[in-house]
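Every heavy atom of this structure was used, including side-chain atoms; hydrogens, water molecules and symmetry mates were not. Nothing fancy with the numbering, it's 1 onward along the sequence. Indexing begins at 1, ligand by ligand and atom by atom, following the structure's order.
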Amino acid sequence: MRKSNSINWTKKDLIDLETLTKEEIELILSTASTFKEVSTREIKKVPALRGKTVVNLFYEPSTRTRVSFEVAAKRLSADVINIASESSSVKKGETLIDTGKNIEALRVDIIIMRHNYSGASAILARNLKASVVNAGDGWHEHPTQALLDMFTLKEKLGHIEGLNVSIVGDIAHSRVARSNIWGLVKLGAKVTVCAPKMLIPPAIDKMGVTVTHDIEDALKNADAVNVLRMQFERDRGDAFPSQLEYFKKFGITSERIKKAKKNIIVMHPGPINRGIEMSSNVADGGNSVILEQVTNGIAVRMAVLFLVAQANEYVRKNK
Ligand code: CP
């Protein structure tokens, strides 16, 4: 069933959506559809990665992504090891490449990495034979988050082509925004980004999006709104006068949702700052698919792990 799908996937790593084709993105989404059902079984396991070892190497905090990758790998029957940078030899000055090569020397097949530097996953991937999956690198990309967002959109609305998707919030510091824009534009969605001027990066329009600073404008025709977290840890504090000010001008409230399309989908990659990006009654309300996004993350990450492992095995056998 999955073998015929994976025949078109040749990459040993998943680093970004910028360099994927529309067909490759669609292949990940269709492979994820076949894996989604596994999590509904009484025994939530398939043997696809039996005998493979997966390492979660996280240099930044994470709840959803780390656990989701671990669950995905275990549902594929892989062995999983979690390494947090605070408890590793990174603290003793070991370089990223040395850390990667030492993990690889343990005959690890896939390294899933979150790092605060943009480009860190690409550096590791270039230096290792093991597969590398980017779980978020600095401001650059968070490809599996965007893939699970697109999977959820497709599941809810049936298609992505032609959809009006608004991304609201801290676009400047957001790897989630960048991955979503690359993916959604390739799949034919019309993307609008909405934020205060200081939180919109220069030349973002070159990525094929419309820019607005007016939240009513962003919500007017939107089929879905993806609300981003305010990244206080990355912001210098000069983007807007106060959190209350931000909520008044850009916060997603039930009043604003009532004026939008009736079935508008409200998304958020998490973690949510309630009362800053969105009110609790929207986060927990009927238009929200936030927890469904989390559930879909498992199927999408199963698909990614499966595809990169197969491609890597193929390359090794045919060298
Ligand atoms: N969406 C996301 O990346 O969440 P975590 O930081 O909890 O992994």
Identify the residue among Ile167, Val165, Ile204 that makes a side chain to side chain contact (heavy atoms under 4.5 Å, CB included) with Val209. Ile204
Cluster question for you: counting only ILVMFWY and a side-chain heavy-atom cut-off of under 4.5 Å, with indirect links fine, are Val54 and Val67 together? yes
Phe247: partners by ring pair (Phe, Tyr, Trp, His ring centres under 6.0 Å), with sequence neighbours left out: none
Gln293-Asp149 side chain donor-acceptor pair, cut-off 3.5 Å: yes
Which residue pairs pass the salt bridge (Lys or Arg N to Asp or Glu O under 4.0 Å) test when at least one of the two sits in residues 296-316, sequence neighbours left out? Lys52-Glu313, Glu313-Lys317
Ala309: which residues meet the side-chain contact (heavy atoms from CB on, under 4.5 Å) condition with it, sequence neighbours left out? Leu49, Ile110
Amino acids in close contact with ligand 1, where any non-hydrogen atom sits under 4.0 angstrom away: Ser62, Thr63, Arg64, Thr65, Arg114, His142, Gln145, Pro269, Gly270
